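For reference, the structure is listed below as structure tokens.
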There are 2 protein chains.
Amino acid sequence: MAHRSPRADGLRNRARILEAAGQAFAQDGPDVPLDAIASRAGVGPGTVHRHFPTKQSLLTAVVAARLGRLADRGEQLAADPDADFYEFLAELAGEARHNLALAEALGGPASVEADEAGQRLAAALASLLSAAQQSGSVRPDLTVGDLHAIITGALTMERRLPPDRHGIGLQVVMQGLRNW
Amino acid sequence: MAHRSPRADGLRNRARILEAAGQAFAQDGPDVPLDAIASRAGVGPGTVHRHFPTKQSLLTAVVAARLGRLADRGEQLAADPDADFYEFLAELAGEARHNLALAEALGGPASVEADEAGQRLAAALASLLSAAQQSGSVRPDLTVGDLHAIITGALTMERRLPPDRHGIGLQVVMQGLRNW
DNA sequence: AACTATACGGGGCGATCGCCCCGGTTAATA
DNA sequence: TATTAACCGGGGCGATCGCCCCGTATAGTT
């Protein structure tokens, strides 16, 4: 009486929308019509709006989910003294390669202010970076901000490379990051 | 009688529009309203449409002009046996840093099929690249396509870097491009 | 099984933007 | 200076999209 259990279809549809929006944003960028997401999820446009009052809130939710997973992985690696900085970079690139929205989120200022996951990821990245710098495997004059821009650029490269050339952009950037 | 000289105001307005569109696209990207360009040029929206029947044609004209200058410079350097490959890269970055539309054009497939200037630029780049590879200053396994993607990524980096860190992204990429 | 809160779907409003037309004006020619 | 073709400006049409409302159906509670 005080509270009622949430309805099963409500939760199911919310998950469907999140899933569909994830695919749609990844494929077509942030400008996909909401109706396209709705029909992809098999629900009406009104349903989308009820779960996510504004388009931005939907985008934020989607990106936050992806970012959260990445942040988890980053924290995990940051805690491991044997972790390889470059390995994380490669994983990041693999994730973002086929995800337009995620790639943009990683670069834009939206990631920082967007939510808590972005900050966690940034912190993990900073920790990984300074460890790599102390071990001498990354040039010491690089700041975290530099790194963000560089990662964004590397992701741009990878997305523009044909499938049979994947990895070469990242390889070039990594080579440039090492001490010389 | 057979033909009449073009009117002075017509040519003047066309030039104004091209100039205004160049600034507008560079600052705000390809999505600026046509009316914004019109008011910036000090003409009516109808005038813009008469000179450039579609928005795409205006964008193409603007990009082609910029691309043409870059292609000229590229061909000039390609003809000079002492020319430095990395110097051209730096010039390219300097141009594209404050030019959103140009940067996107350099990366997207639009540059190739867009017009003849893009192809000239690509050819000059290819010539510069193979010369640098033969002299041993660039890793030999890189293709021209790779280079395009890499340049696009480097431009992305530079645009995301704060002013006091400009150049570091390019520096990293260049270092990665060298033989190792 | 009856009840009620919650969710669903589709249609519609308002704003934005690209594109185009039309009446008035201006520059080039004779 | 008279003529005429080209150009100018602003207003408007149609399409798109985000956002929201409301009548109906359904899931959870008693």
Side-chain angles (χ1 to χ4, degrees), chain A residues 1-64 100-101 104-105 110 114, chain B residues 1-64 100-101 104-105 110 114:
Chain A
M1 8 174 108
H3 290 304
R4 205 175 236 202
S5 298
R7 285 177 49 159
D9 53 350
L11 270 64
R12 192 175 53 236
N13 276 339
R14 186 189 162 87
R16 279 168 111 87
I17 292 170
L18 229 35
E19 167 74 16
Q23 293 180 10
F25 282 138
Q27 280 188 5
D28 303 333
D31 282 345
V32 283
L34 278 185
D35 294 19
I37 296 177
S39 71
R40 188 177 203 136
V43 302
T47 305
V48 175
H49 173 259
R50 193 171 330 100
H51 285 286
F52 303 93
T54 173
K55 185 178 192 173
Q56 183 57 42
S57 69
L58 175 56
L59 210 174
T60 302
V62 168
V63 171
L100 210 64
E104 292 191 4
Chain B
M1 0 162 142
H3 289 304
R4 205 175 238 203
S5 296
R7 286 178 48 159
D9 53 349
L11 270 63
R12 192 176 53 235
N13 276 341
R14 185 189 163 87
R16 280 167 111 86
I17 292 170
L18 230 34
E19 167 75 16
Q23 293 180 12
F25 282 138
Q27 280 188 6
D28 304 333
D31 283 344
V32 282
L34 279 185
D35 294 20
I37 296 177
S39 71
R40 188 177 203 135
V43 302
T47 304
V48 175
H49 172 258
R50 192 171 332 99
H51 284 287
F52 303 94
T54 173
K55 185 178 193 174
Q56 182 59 42
S57 69
L58 176 56
L59 210 174
T60 301
V62 169
V63 170
L100 210 64
E104 292 192 4

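Treat the numbers as computed from the prediction; the structure is a model and nothing was measured.
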**Q.** Summary of salt bridge (charged side-chain N to carboxylate O under 4.0 Å, His left out) pairs that have at least one residue in residues 8-37 of chain A, sequence neighbours excluded
**A.** A:Arg7-A:Asp9
Q. Just to confirm, is there a sub-4.0 Å distance from OP1 or OP2 of D:dC19 to any side-chain nitrogen or oxygen of A:His49?
A. no
Q: Quickly work out the A:Leu59 CG to D:dG18 C1' distance and round it to whole Å.
A: 14 Å
Q: Describe the nucleic acid contact of A:Val32 in one word from base, sugar-phosphate, nothing, applying a heavy-atom distance below 4.0 Å.
A: sugar-phosphate
Q: Mark up nucleotides 8-14 of chain C, 5' to 3', with B wherever a protein heavy atom is under 4.0 angstrom from a base atom, S wherever such an atom reaches only the sugar-phosphate, and - elsewhere.
A: BBB----
Q) Hey, does B:Leu34 have a side-chain heavy atom less than 4.5 Å from the side chain of B:Lys55? A) yes
Q) Do A:Phe52 and A:Leu18 come close enough that some side-chain heavy atom pair is under 4.5 Å? A) yes
Q: Figure out the CG/C1' separation between B:Leu34 and C:dC17, and round it to whole Å.
A: 8 Å
**Q.** Step-by-step side chain to side chain contact (heavy atoms under 4.5 Å, CB included) determination, B:Phe25 to B:Ile37
**A.** CA-CA 9 Å; B:Phe25 282 138; B:Ile37 296 177; 4.0 Å; yes
Q | Rounded distance (Å) that lies between atom C1' of D:dC19 and atom CD of A:Gln56 | A | 15 Å
Q. Under 4.0 Å: is that the gap between some side-chain N or O of A:Thr54 and OP1 or OP2 of D:dC19?
A. yes
Q: Provide, to the nearest angstrom, the distance between the CG atom belonging to A:Asp31 and the P atom belonging to D:dC17.
A: 10 Å
Q: Mind calculating the distance between CG (B:Asp35) and P (D:dG10) to the nearest angstrom?
A: 11 Å
Q: Would you mind telling me which residue lines up with the more 5' stretch of DNA chain C, B:Ala8 or B:Lys55, judged by nearest nucleotide?
A: B:Lys55
Q. What heavy-atom pair brings B:Ala20 and B:Ala41 nearest, and what distance separates the two atoms?
A. CB-CB, 3.7 Å
Q: Give a yes/no answer on whether the side chain of B:Ser5 brings an N or O atom under 4.0 Å of OP1 or OP2 in C:dA27.
A: no
